Amino acid sequence: GAVVSQHPSWVICKSGTSVKIECRSLDFQATTMFWYRQFPKQSLMLMATSNEGSKATYEQGVEKDKFLINHASLTLSTLTVTSAHPEDSSFYICSARDSGGRLETQYFGPGTRLLVL
Amino acid sequence: GESVGLHLPTLSVQEGDNSIINCAYSNSASDYFIWYKQESGKGPQFIIDIRSNMDKRQGQRVTVLLNKTVKHLSLQIAATQPGDSAVYFCAEIPVGSSNYKLTFGKGTLLTVNP
């Protein structure tokens, strides 16, 4: 149980295009999901908290107009990287909290590797 | 700002040895700590957690120790196996953290030599 999937697992795009990444909780409902970014040999940095039915909460320094988050259902959150540039190339990881589970527990997805040319 | 950090960025051990991975945290208000394992190209995998009202917790082949006096957390892996090779992160949730957000440490790369 408690499986989180991400799609796509990797994507290559041209500079200036937009890329959408999906995060799904497969066997539980998730009112809250989190989006992280991880650069090579570095730690996970929280970008934003995605709340079902309301606006996402962004961490300091993260541009909300560049990283659009939509959490339209209890099992799906999407992250859209708009007008992607090479510096946006990174490993994007989502996590989800089971609405009926412990508040401290996050289940992580497998990550999405983004390469912007 | 306060952060969670690690003493050692890399650790190399022989198969069968015990491994100890350390983490120093600076937020004395942290209430809950977790160790994650991340294999190359994958998402973090939960290993073990501990609350601030405990100083030791054991799992299968793993033990987490918490020393609140010096704000130090460690992960001990017994009889380390090649499959344990990965990056290990400690993470914390401070008391009162909005949405119970996790703060991750820098990570330690564990390499197990056969």
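Just so we're on the same page: letters track the sequence lines, and every chain starts at 1. This is a predicted model, so every value here is computed, not measured.
- Only the side chain of A/Ile93 has a heavy atom closer than 4.5 Å to any heavy atom of chain B.
- Aromatic pair A/Tyr58/A/Phe67: ring centres not closer than 6.0 Å.
- With hydrogens and angles ignored, the 3.5 Å screen pairs no side-chain donor or acceptor of A/Gln106 with any backbone N or O of A/Phe34.
- In this structure, chain A has no heavy atom under 4.5 Å from any part of B/Gln45.
- Between chain B and the options A/Gln42, A/Met45, A/Gln38, the largest number of non-hydrogen pairs under 4.5 Å is found for A/Gln38.
- Without hydrogens or angle criteria, A/Arg24 side chain to A/Val4 main chain gives no donor-acceptor distance under 3.5 Å.
- Scanning residues 71-85 of chain A against chain B with a 4.5 Å heavy-atom cutoff picks out nothing at all.
- In this structure, A/Arg113 satisfies the cation-pi test against A/Phe91, with its NZ or CZ atom closer than 6.0 Å to the six-membered ring centre and inside 45 degrees of the ring normal.
- At a 4.5 Å heavy-atom cutoff, the contact between A/Leu44 and chain B is made by backbone and side-chain atoms alike.
- Between A/Phe108 and A/Tyr36, the gap from one ring centroid to the other is short of 6.0 Å.
- Heavy atoms of B/Tyr32 lying under 4.5 Å from chain A belong exclusively to its side chain.
- The distance between the ring centers of B/Tyr36 and B/Phe104 falls below 6.0 angstrom.
- Atom OH of B/Tyr100 has 12 or fewer neighbouring heavy atoms from other residues, nucleotides or ligands inside a 6.0 Å radius.
- In this structure, a donor-acceptor pair under 3.5 Å is present between the side chains of B/Asp31 and B/Ser52.
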